[in-house]
Amino acid sequence: SRLRERVGMPSVAIGEFDAWGAGARALLARADGEAPAKCLMVSIGTGTSVLLADGDETRRVGGSALGGGTLLGLGRLLTGANGFGELAELAARGERLRVDLVLSDIYQPGEIALPEWATVASFGRLAFASADGVSREDLAAGVVHLVAEDVALLCGGLALAMQVRDVAIGGSTVPGNPALVETFVRLVGAFGCRTHVLEDGEYAGALGVLERLRAAG
């Protein structure tokens, strides 16, 4: 609205969530031929927004303060990484099990009905063990897993509650971040959902604006 006032030209206001949903549907259709009739759309940017696309209607149904801003802030503090690309590269080479406390650290196989890799406490291993031997790569992997896991668990719960089986993720935090994508896909899959990683998903909002303008003629 501020930009519209300064430009002083005829303009159309399109809501952020509506634009992102429309753009994400267009990207899904480009990749798969058509978009699912009902789908969770997850925008992981500075924070995270979760939208429900049902037909041509999009509404926000949840979100998290964890997102790309968390990755950059904690990542820089813990690893000294200068920028998102460096942090993602470090995480891809790291091992989060050197910093996280997981189920297999506490229970014997089969004692509890959860996967052995399930996280008990992010960075919890460092509360009970020395950080000697823990690398920048391991710390970066721990930060990325923390964010990806939190967002995936949120999305899995929302998907179950809303009876949705398709989840699409995009946003500026996803491209070039294989550790985040791998964690997200695995955890959402544990809820019985299929993940669609949107190619060019960081541009979903801009594409959605064009889609809406095209529809309006």
Closest approach of [X] to [Y] (non-hydrogen atoms, all atoms of both residues):
{"X": "F17", "Y": "S49", "result": "CE2-OG, 3.7 Å"}
{"X": "W20", "Y": "M41", "result": "CZ3-CB, 3.6 Å"}
{"X": "A19", "Y": "V209", "result": "CB-CG2, 3.9 Å"}
{"X": "C155", "Y": "L40", "result": "O-CD1, 3.5 Å"}
{"X": "G75", "Y": "V143", "result": "N-CG1, 4.3 Å"}
{"X": "S122", "Y": "L146", "result": "CB-CD1, 3.7 Å"}

Between R2 and E5, is there a side-chain N and carboxylate O pair less than 4.0 Å apart?
->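 Salt bridge: no.
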Identify whether the distance between the nearest side-chain nitrogen and carboxylate oxygen of E86 and R136 falls below 4.0 Å.
->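 Yes, E86 and R136 are salt-bridged.
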Tell me the side-chain hydrogen bond (donor to acceptor under 3.5 Å, both in side chains) pairs involving residues 30-41, sequence neighbours left out?
->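 Residue pairs with at least one partner in residues 30-41: R30-D200, D32-H196.
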Apply salt bridge (charged side-chain N to carboxylate O under 4.0 Å, His left out) to R125 and list each qualifying residue two or more places apart in sequence or on a separate chain.
->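 R125 satisfies salt bridge (charged side-chain N to carboxylate O under 4.0 Å, His left out) with D105 only.
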Contacts of type salt bridge (charged side-chain N to carboxylate O under 4.0 Å, His left out), residue R76, not counting sequence neighbours =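 Salt bridge (charged side-chain N to carboxylate O under 4.0 Å, His left out) check on R76 returns nothing, list empty.
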State the [atom1]-[atom2] distance between [X] and [Y], to the nearest 0.5 angstrom.
{"X": "L180", "Y": "I169", "atom1": "CG", "atom2": "CD1", "result": "6.5 Å"}
{"X": "L28", "Y": "D166", "atom1": "CG", "atom2": "CG", "result": "8.0 Å"}
{"X": "R186", "Y": "H145", "atom1": "CZ", "atom2": "NE2", "result": "6.5 Å"}

Quick check: does any side chain N or O of T173 sit under 3.5 Å from a backbone N or O of G67, one acting as donor and the other as acceptor?
->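 No; zero donor-acceptor contacts below 3.5 Å.
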Pairs meeting criterion salt bridge (Lys or Arg N to Asp or Glu O under 4.0 Å) with involvement of residues 39-56, two or more places apart |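 Those involving residues 39-56 are R25-D56, D56-R212.
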More than 12 heavy atoms from other groups under 6.0 Å of OH on Y203 =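 No, because the 6.0 Å sphere around OH of Y203 holds 12 heavy atoms or fewer from other groups.
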Around atom CD of E95, are there more than 12 heavy atoms of other residues, nucleotides or ligands at under 6.0 Å?
->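 Above 12, so yes.
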Candidate list D138, T183, T119, test side chain to side chain donor-acceptor pair (under 3.5 Å), partner R96, passing option =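 Of the listed options, the one satisfying the test is T119.
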Who else is in the cluster with L114 when I, L, V, M, F, W and Y are joined by side-chain contacts under 4.5 Å?
->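 Direct or chained contacts put L114 with L101, L103, I106, Y107, I112, V120, F128.
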Shared-cluster residues of V102, by chain and number - hydrophobic side chains joined below 4.5 Å =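 Members other than V102 - counting any ILVMFWY side chain reachable under 4.5 Å - are L97.
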